[in-house]
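In what follows, chains are A, B, ... by sequence order, proteins preceding strands, each numbered from 1.
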2 protein chains.
Amino acid sequence: MGKQMTEMLKGTLEGIVLALLTGKAAYGYEITTQLREQGFTEIAEGTVYALLVRIEQKGLVDVEKRPSEKGPPRKVYTLNTQGEKELNEFWNTWSFLSGRIEELRKEGK
Amino acid sequence: MGKQMTEMLKGTLEGIVLALLTGKAAYGYEITTQLREQGFTEIAEGTVYALLVRIEQKGLVDVEKRPSEKGPPRKVYTLNTQGEKELNEFWNTWSFLSGRIEELRKEGK
DNA sequence: TACCGGTACCTAGTTCTACTATGTAGTGGT
DNA sequence: ACCACTACATAGTAGAACTAGGTACCGGTA
């Protein structure tokens, strides 16, 4: 993946995944697939799993294990109240940053 | 500073500084001040200087030392051709990422 | 039976960037 | 002599994404 994109994803990928979980539970492999479909074609699987471990430890999601028809059991993640709060803060932070940056772009800077 | 903002700045702060340098050379202390004026009130001075060292080593800027009326001599940074190229890539990467994220926001996700 | 592709999860070690905390210097004013 | 402001510098820390593997379960096929 481009080095720029890698660095830019720091701090945003977590928000992206939380947003994906809004209103719809999902498991790791599924999230990876969704990210790929949405254009993030080169996000490594390991990156997603590490992130999921992190947000689980931070208490932003609830986890349930469900047997799969094919392959090992899935770990299904659901956004909880604290996760929604975190996602809200993410949108605030994002709005501020993207506002500033778009300003710079407009100024031809 | 918020932890979220800190992480989100990784990968974007460099682009922001390159954008600030477009069409107008500047020195470190000045850049720090400009960032503060534009709302990034809590960006540490040391962060800016470290970043400037990095982009100089990457060859994105030209540097000239100029005596100051007050205080030690200034190191004035000017965006060069390679820097403009890098900034261009930054805008591309940013456009893609912000496009995806705005899409997620619209979906109420 | 043996193998392979697809599904699904996991982790140790590396790299990069921003922050913390502190230090050094030059100038002008009291 | 001291202080405030200007101006630059850096060693050490933390956090997040990547690399590069590995484990495990299932179905189909040779």
request  = Identify, residue by residue, the members of residues 63-73 of chain A with a heavy atom below 4.0 Å from DNA chain C, and return them in order of residue number, or none.
outcome  = A:Ser68, A:Lys70, A:Gly71, A:Pro72, A:Pro73

Where at least one partner belongs to residues 78-98 of chain B, residue pairs that pass salt bridge (charged side-chain N to carboxylate O under 4.0 Å, His left out), sequence neighbours excluded = none

key: Sequence neighbours excluded, every pair satisfying salt bridge (charged side-chain N to carboxylate O under 4.0 Å, His left out) that has a member inside residues 36-56 of chain A   = A:Glu56-A:Lys75

ask   = Does B:Lys58 have any salt bridge (charged side-chain N to carboxylate O under 4.0 Å, His left out) partners at least two apart in sequence or in another chain, and if so, which?
value = B:Glu14

query = With sequence neighbours excluded, what pairs up with A:Asn80 under the side chain to side chain donor-acceptor pair (under 3.5 Å) test?
reply = A:Asp62

task = Kindly determine whether A:Leu97 and B:Leu9 satisfy side chain to side chain contact (heavy atoms under 4.5 Å, CB included), including the steps that lead there.
result = CA-CA 8 Å; A:Leu97 183 62; B:Leu9 281 173; 4.0 Å; yes

request  = Using side-chain hydrogen bond (donor to acceptor under 3.5 Å, both in side chains) as the criterion, point out the one residue from B:Glu107, B:Glu103, B:Glu102 that pairs with B:Arg105.
outcome  = B:Glu102

Who are the side chain to side chain contact (heavy atoms under 4.5 Å, CB included) partners of [X], not counting sequence neighbours?
| X | value |
| --- | --- |
| B:Ala25 | B:Val76, B:Thr78 |
| A:Asn92 | none |
| B:Thr6 | B:Met1 |

task = Compare side-chain N and O positions of B:Tyr27 against OP1 and OP2 of D:dA7 and report whether any pair is under 4.0 Å apart.
result = yes

message = Show, in sequence, the C-alpha distance, side-chain angles and deciding distance for B:Leu21 and B:Ile31, and conclude whether the side chain to side chain contact (heavy atoms under 4.5 Å, CB included) test is met.
response = CA-CA 9 Å; B:Leu21 288 175; B:Ile31 291 169; 4.1 Å; yes

query = So what is the end-to-end bend of the helix from C:dT1-D:dA30 to C:dT30-D:dA1, with 5 pairs used at each end and the value given to 10 degrees?
reply = 20°

note = Bounded by its outermost nucleotides with an atom under 4.0 Å from a heavy atom of chain B, the footprint on DNA chain C reads C:dT17 to C:dT27

request  = For nucleotides 11-21 of chain D, just jot down a letter per nucleotide in 5' to 3' order: B, S or -, based on protein non-hydrogen atoms under 4.0 Å.
outcome  = ----BBSBB--

All ring-ring contact (aromatic ring centres under 6.0 Å, His included) counterparts of B:Phe40, not counting sequence neighbours = A:Phe96

inquiry  = Membership question, hydrophobic clusters at under 4.5 Å side-chain separation (ILVMFWY): are A:Val53 and A:Val17 in the same one?
reply    = no

